[in-house]
Amino acid sequence: MTPEDLLALLVTHQESLAADLHDEEDRAEVAAALRETREAVTAGRSASPALRRLRRALSALPPEHPVSAALGSRRYAADGTEGRALPSADAIGTVLNLLEARDATAASDPGPRTGAEPAPEPEELLAAARERLLAAPALTEREHAELLSSHEDRPELIRLVDPRPGGSGARCPRFQFRPGTLQPLPVVLRINGLLRADLDPWGAADWWLGGNGWLHGVPADLLGTLPDEELEGAALELVEAD
């Protein structure tokens, strides 16, 4: 399945796509990834990061959704590189318009809700998502300093830097380590490598700390419960498969 195939699948299942993305934040993330993909295609630059973001956002769909089934089959192999066809900007716009039209309809017809607040802007959703990730349990400043002094630099480890004025220093989410130690879990390092945590730590953290429809849970909470192979298999849905 190429990126073009994926967009065609989204168009085919447009109604169920919008209906099954129940959470407004999930719809906003899919829409943001589609906009990013369209901008990359229009500008003629690599769309790989945007497509990885799109696949990550689509994991919010129920496992029985046709898009989930297609992505879960691991036949999704292309990221828009090596001569493979990219989806056209028009095709991307078709799906994006459907999602935005649904949100516009919901905003104009809030149903039984009274006094409903306006839908948040994408920047507000991004800020809220970052706050959620920064609020996750993390190493203390002393532990982080000890980690840096006692171990060689591990670019695979997720470190989140608060972008807000006066924000704290880098936060290293605690789920990445064996309980009670500063020893990184090998499976976490492998998956972080797949997710390119060195280039996109926020995206990698969101994968670990957000709900995952394929795993029926939050990946970080499933460490030590699910086999490592299942966690790695779910992460592979976001990267180029063989």
E146 CD to E141 CD distance, which is reported to the nearest 0.5 Å: 14.0 Å
Sequence-distant partners of R178, salt bridge (charged side-chain N to carboxylate O under 4.0 Å, His left out), two or more places apart: none
Full working for side-chain hydrogen bond (donor to acceptor under 3.5 Å, both in side chains) between R171 and H144: CA-CA 8 Å; R171 291 179 61 80; H144 197 191; over 6 Å; no
Donor-acceptor under 3.5 Å (Q176 side chain, I158 main chain): yes
Minimum heavy-atom distance between D206 and R132, given as atom pair plus value: OD1-NH2, 2.8 Å
Partners passing side-chain hydrogen bond (donor to acceptor under 3.5 Å, both in side chains) against D228 (at least two apart in sequence or in another chain): none
Non-hydrogen side-chain atoms of I191 and W208 separated by less than 4.5 Å: yes
L223 with V218, same ILVMFWY side-chain cluster at under 4.5 Å: no
Minimum side-chain heavy-atom gap L195-D200 below 4.5 Å: no
Residues that T225 engages under side chain to side chain contact (heavy atoms under 4.5 Å, CB included), provided they are two or more places apart: none
Nearest non-hydrogen partners of L194 and A235, listed with the distance: CD1-CB, 4.3 Å
Salt-bridge contact R190-E156 (side-chain N to carboxylate O under 4.0 Å): no
Donor-acceptor contact below 3.5 Å, side chain E230 vs main chain P227: no
Distance-minimising heavy-atom pair for L133 and A205: CD2-O, 3.9 Å
Lys/Arg-Asp/Glu bridge criterion (N-O < 4.0 Å) met for D162, R130: no
Close side-chain approach of P219 to W207, heavy-atom, < 4.5 Å: yes
Heavy-atom pair of closest approach, residues L185 and F175: CD1-O, 3.6 Å
CG on L58 to CD on E29, rounded to 0.5 Å: 10.0 Å
Side chain to side chain, F177 and L157, heavy atoms closer than 4.5 Å: yes
Nearest-0.5 Å distance, CD of residue E143 to OG1 of residue T181: 10.0 Å
